[in-house]
Amino acid sequence: MQIEIDPNSGFCFGVVRAIELAEHELGQCGKLLCLGDIVHNGAEVQRLEKAGLRTIYADELVAHKGERIMFRAHGEPPTTYAKAQELGMEVIDATCPVVLQLQKKVKKSGETLKTVGGQIVIFGKPDHAEVNGLRGQTDCEVHVVQHKEDLTQIDFRRPIECFSQTTMSAQQYKAITTLIEERMQAALGTTDLPLKVHASTCGQVANRHESLAAFAKQHDAILFVSGQKSSNGKMLYEECRSVNPRTYFTTGTDEIAPEWLEGVEHLGICGATSTPRWLMEAVAQRVANIAKATTPRKA
Ligand code: SF4
């Protein structure tokens, strides 16, 4: 069996930057708190926890007065920075620069829209940390929309500016904003609409779709390696499966079932923006061992 790891899979630069920052801090002090999982990949979190990283959640902050804490690539709302300051904590800010720019844009749009009774629409997952960080930038009316059914909360007669969570599908964002446009036209009876759609899906993710689909098509079967919590992982996995039905999801080496490999001559291994390269290599090694153990010996 030939095994190939997708050269374009693995950490995006925002995650690489956050992990390097954590490793640097751990190298200096041997311990560091992180607010939420530094990356949506259990195996990578465990690796860093062995080096001294400790993941805590917002309701635990108060128990860590004066300690050092990292804010991960997804970013945080201003209220979290204020809370950390109130508790005398030192913040190591690993917010991805792309997310930081997006937060600034949401803040600016919110200031303008508030003066004209407008609304901000964020296409994303309501409980995602990045969305939480974005909606916290403004006290303007914000609607988080994940499915077209969620559009009922919007008043289409009033001005709207749309943003997308960076890791959402650009195609789905286009579909949602087209619906918004159509409903505004119907509500206002004009094509001259008070609507602004900001292109805010991340290029690091958007550019992966085409190359990943091509990679998935080239192989008999695909092992998609990702943490369960990664929204980007779920989306890219579905994308692989839509072009190659023999796509299997695995979080690591333990779940690989020998039947997934039956009849496979060319196996592709790929992953999410939060999947470490070392984990895809470990999966490749495990597959090679299974293949070796199940290949009948020549007489
Ligand atoms: S997916 Fe893009 S925006 Fe999100 S952390 Fe990675 S580089 Fe930053």
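Each ligand, and each atom within it, is numbered from 1 in the order the structure gives. All heavy atoms count here, side chains included; hydrogens, waters and symmetry mates do not. Throughout, numbering of the chain's residues begins at 1 and tracks the sequence.
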K.L.:
Parallel, tilted or perpendicular, judged at 30° and 60°: which one describes the rings of H74 and H128?
P.N.:
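Perpendicular, since the angle between the ring planes exceeds 60°.
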K.L.:
I want to check something: taking the side chain as every heavy atom from C-beta on, are S226 and K234 in contact at a cut-off of under 4.5 Å?
P.N.:
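Sidechains of K234 and S226: no contact.
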K.L.:
Which residue pairs pass the side-chain hydrogen bond (donor to acceptor under 3.5 Å, both in side chains) test when at least one of the two sits in residues 237-249, sequence neighbours left out?
P.N.:
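side-chain hydrogen bond (donor to acceptor under 3.5 Å, both in side chains) check on residues 237-249 returns H209-E239, E238-R241, R246-Y248.
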K.L.:
Exactly one of T95, L33, T55, I38 should register a side chain to side chain contact (heavy atoms under 4.5 Å, CB included) with M70. Which one does?
P.N.:
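Passing option: I38.
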K.L.:
Check the orientation of F123 and Y173. Use parallel for under 30°, tilted for 30 to 60°, and perpendicular for over 60°.
P.N.:
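It falls in the parallel class, under 30°.
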K.L.:
Using a strict cut-off of 2.8 Å, how many protein N/O/S atoms surround atom 2 (Fe) of ligand 1?
P.N.:
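There are 1 of them.
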K.L.:
Short question: side chain of R286, backbone of D254 - any donor-acceptor pair under 3.5 Å?
P.N.:
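No, R286 side chain to D254 backbone: no donor-acceptor pair under 3.5 Å.
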